[in-house]
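Reviewing the structure listed below.
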Amino acid sequence: MVGLLLGFAIAHSGLAALRPKGEKLIGARLYRVLFALVSIPLAVVLIIYFFNHRYDGVQLWQVQGVPGIKTLVWVLSAISFLFLYPATFNLLEIAAIAKPEVHLYESGIIRVTRHPQMVGQVIWCIAHTLWIGTSFTLVTSLGLVLHHLFAVWHGDRRLMARYGEAFAAVKERTSVIPFAAILDGRQTLTITEFIRPAYLGVTGFIFLLWWAHPHLMRLTAMVAW
């Protein structure tokens with residue numbers, strides 16, 4: 001699992017680092033397609049392998065029978081997806097229908113944390129490690145969190161290289177730790193910024209995932225990895 005995580009991290013972050021040069025060579029749309037063709041299959045392999053081996057290793061704790069734990073895990077998982085898939089993403093750009101751009105955002109979820117995907121991944125890992133309680137899941141979660149902590153530094157570095165002083169100013173007004181910039185007065189939470197179709201789509205995706213979760217378990221179990 002560590003090897004799979006490392007391979008994904010090198011490919012995903014490496015292609016992100018090479019984006020400026022790659023877009024000059026083959027264009028923004030084609031580079032986004034190349035990025036997806038490499039990242040998505042690796043991510044699918046990781047997900048299937050995790051599903052099929054999540055109970056491997058040593059059972060460190062067992063709390064699945066404790067009242068309220070299942071509800072807590074589902075609530076944390078739902079919150080994690082609100083951070084993992086924030087509405088600041090332009091879906092048309094992700095699909096390369098519109099020309100992919102690198103945006104400098106300071107609204108919506110970015111007011112809460114400058115790196116929402118990292119926060120979402122940490123919450124997801126806490127929820128699933130708590131529920132499953134195995135050494136395999138703990139190692140997987142540590143690997144995912146370390147990759148996303150690296151992505152905090154890597155993402156800031158790439159934005160600084162592209163935007164310079166403009167990003168430095170945004171960095172001063174935002175925080176990596178959730179709500180830290182709001183609590184110390186650097187940001188003001190604007191609820192109307194969250195009333196957007198993209199957030200409705202994310203909410204729908206959460207309910208779809210809740211419904212499909214047992215079916216995904218059965219499908220992945222059919223893959224002999």
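Any value given below was found using the heavy atoms of this structure, including those in side chains, with hydrogens, waters and symmetry copies removed. Here the structure is a predicted model, which is why all the values come from computation and not from measurement.
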Would you please classify the geometry between the [Y] ring and the [X] ring as parallel, tilted or perpendicular, with 30° and 60° separating the classes?
| X | Y | result |
| --- | --- | --- |
| Y49 | F136 | tilted |
| H215 | W211 | tilted |
| W74 | H213 | perpendicular |

Between E23 and R32, is the closest basic N to carboxylate O distance under 4.0 Å? no
Would a single hydrophobic cluster contain both L138 and L72, if residues Ile, Leu, Val, Met, Phe, Trp and Tyr are joined by side-chain heavy-atom contacts under 4.5 Å? yes
same_hphob_cluster(F51, L219) at 4.5 Å side-chain heavy-atom cutoff: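 Looking at the clustering, L219 is in a separate group from F51.
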Any residue meeting side chain to side chain donor-acceptor pair (under 3.5 Å) with Q62, in chain and number order, not counting sequence neighbours: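 With neighbours one apart ignored, the set is empty.
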For Y55, side chain to side chain donor-acceptor pair (under 3.5 Å) partners two or more places apart: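 With neighbours one apart ignored, the set is Q64.
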Does T113 use its side chain to pair, donor to acceptor, with the backbone of I177 at less than 3.5 Å?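 Side chain of T113 to backbone of I177: no pair is present.
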Could you tell me whether the side chain of Q187 and the main chain of I182 form a donor-acceptor pair under 3.5 Å? no
Selection [range] - residue pairs positive for salt bridge (charged side-chain N to carboxylate O under 4.0 Å, His left out), sequence neighbours left out:
| range | answer |
| --- | --- |
| residues 45-71 | none |
| residues 160-186 | E106-R173, D184-R186 |
| residues 114-141 | R114-D156 |

Any chance you could measure F35, atom CZ, to Y31, atom OH, to the nearest 0.5 Å?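 Going from CZ on F35 over to OH on Y31, the span is 7.5 Å.
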Counting only heavy atoms not in W210, do more than 12 sit closer than 6.0 Å to its CH2 atom?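 It does not: W210 CH2 has 12 such atoms or fewer within range.
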Step by step, would you call T137 with T129 a side-chain hydrogen bond (donor to acceptor under 3.5 Å, both in side chains)? CA-CA 6 Å; T137 304; T129 304; over 6 Å; no
List the atom pairs, with distances to 0.1 Å, where a side-chain N or O of residues 143-153 and a protein N or O form a donor-acceptor pair under 3.5 Å, not counting sequence neighbours.
from	atom 1	to	atom 2	distance (Å)
H147	NE2	S13	OG	3.1
H148	ND1	L144	O	2.9

Would R157 and H154 count as having a side-chain donor-acceptor pair, cut-off 3.5 Å?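 Side chains of R157 and H154: no pair found under 3.5 Å.
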